[in-house]
Amino acid sequence: MKTALIQAGIDWSDIRKNGERAEKAVRENPGADLYILPEMFSTGFNGICEKDPAASLGLMKSIAEENGCAIAGSIAVELGDGAKVNRFYFVTPDRVEFYDKRHLFSYGGEHLNFTGGSERKVVTWKGVRFLLTVCYDLRFPVWSRNRGDYDVMLCVASWPVQRRYAWDCLLKARAIENQCFVAAVNRVGSDPSCNYDGGSVLLDPWGREIVSCPDGTESVVCGEIKMESLAEFRRTFPVLNDADRFELRNC
């Protein structure tokens with residue numbers, strides 16, 4: 001599966017400009033099966049929901065339909081009851097699926113504006129199973145523990161430069177411990193509170209880099225997720241068979 005990592009800058013609350021940036025990235029890098037955008041790609045990490053989130057979701061739908069692809073990225077969404085969620089959409093030509101970010105970054109006040117999700121989500125596209133995670137989720141391995149139910153972990157983020165070392169280490173750890181591919185996309189640029197230098201990468205199940213975006217620059221790179229190599233690795237080195245069994249409760 002050809003996977004495109006879109007390491008983008010995000011203009012603060014400029015939904016139109018950010019949408020155009022996403023469209024341009026896909027248009028200039030045709031032929032991927034999956035395109036991945038950063039966390040809150042339409043507004044930046046500002047705690048403000050779009051007045052009409054259907055606009056950005058509609059953009060994702062049109063990209064998926066016109067290109068016969070899937071596209072993934074998170075948007076700040078206000079629900080009908082007034083609750084706000086950081087919603088990671090996975091959009092294909094014929095369906096929309098989503099995951100609401102479970103772990104809210106209380107250090108940065110995210111819990112004051114948003115409600116955490118409770119449902120772990122795996123989606124399937126072209127025979128590949130994807131676990132959806134968002135940024136801070138990366139620090140909580142129990143939530144993303146592979147139960148034999150996914151092949152690729154997707155992580156979209158607004159992860160600041162001062163904690164970049166942790167980002168790099170945790171991504172590799174998640175790939176190795178779960179015997180999975182990891183496709184992670186972080187933003188670049190700056191906002192009123194943080195600077196971001198990317199680190200977007202596609203890792204194989206050994207934790208090795210397949211492709212990565214250059215640090216600090218807007219870029220798109222494409223890499224292959226090869227299911228045959230994953231199946232062979234899991235068959236010949238079946239460590240997941242020895243994983244601790246557990247059940248998540250009161251999520």
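Sequence positions, counted from 1, serve as the residue numbers for this chain.
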One thing to verify: whether [Y] and [X] come together as a salt bridge, which I'm taking to mean a side-chain N less than 4.0 angstrom from a carboxylate O.
{"X": "Arg87", "Y": "Asp100", "result": "yes"}
{"X": "Arg21", "Y": "Asp11", "result": "yes"}
{"X": "Asp149", "Y": "Arg120", "result": "yes"}
{"X": "Lys121", "Y": "Glu97", "result": "yes"}
{"X": "Glu119", "Y": "Arg102", "result": "no"}
{"X": "Glu28", "Y": "Lys24", "result": "yes"}
{"X": "Glu20", "Y": "Lys17", "result": "no"}

Inset, instruction - Could you state whether Trp125 and Phe88 fall into the same hydrophobic cluster, counting links through intermediate Ile, Leu, Val, Met, Phe, Trp or Tyr residues with side-chain heavy atoms under 4.5 angstrom apart? - result: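 Yes, Trp125 and Phe88 fall within the same hydrophobic cluster.
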Inset, instruction - Following the transitive rule for hydrophobic clusters with a side-chain heavy-atom cut-off under 4.5 Å over Ile, Leu, Val, Met, Phe, Trp and Tyr, establish whether Ile75 and Tyr35 coincide in one cluster. - result: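 Linked, Ile75 and Tyr35 end up in one cluster.
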Inset, instruction - Describe, in one word, how the ring planes of Trp143 and Tyr99 are oriented to each other, choosing from parallel (under 30°), tilted (30 to 60°) and perpendicular (over 60°). - result: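 Answer is tilted, since the angle falls between 30° and 60°.
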Legend entry - Flag if over 12 foreign heavy atoms under 6.0 Å of NZ, Lys172: no
Inset, instruction - Determine whether more than 12 heavy atoms belonging to other residues, nucleotides or ligands lie under 6.0 Å from atom CG of Asp244. - result: no
Between [Y] and [X], do the side chains contain a donor N or O and an acceptor N or O under 3.5 Å apart?
{"X": "Tyr196", "Y": "Asp191", "value": "yes"}
{"X": "Ser200", "Y": "Asn186", "value": "no"}
{"X": "Glu232", "Y": "Ser229", "value": "no"}

Legend entry - Sub-6.0 Å ring centroid separation between Trp206 and Phe233: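 Aromatic pair counts; centres sit under 6.0 Å.
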Legend entry - Which residues share a side-chain hydrogen bond (donor to acceptor under 3.5 Å, both in side chains) with Thr43, sequence neighbours left out: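 For Thr43, no residue satisfies side-chain hydrogen bond (donor to acceptor under 3.5 Å, both in side chains) once neighbours in sequence are set aside.
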Legend entry - Side-chain (Arg174) to main-chain (Leu138) donor-acceptor, under 3.5 angstrom: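 Checking the backbone N and O of Leu138 against the side chain of Arg174, a donor-acceptor pair under 3.5 Å is found.
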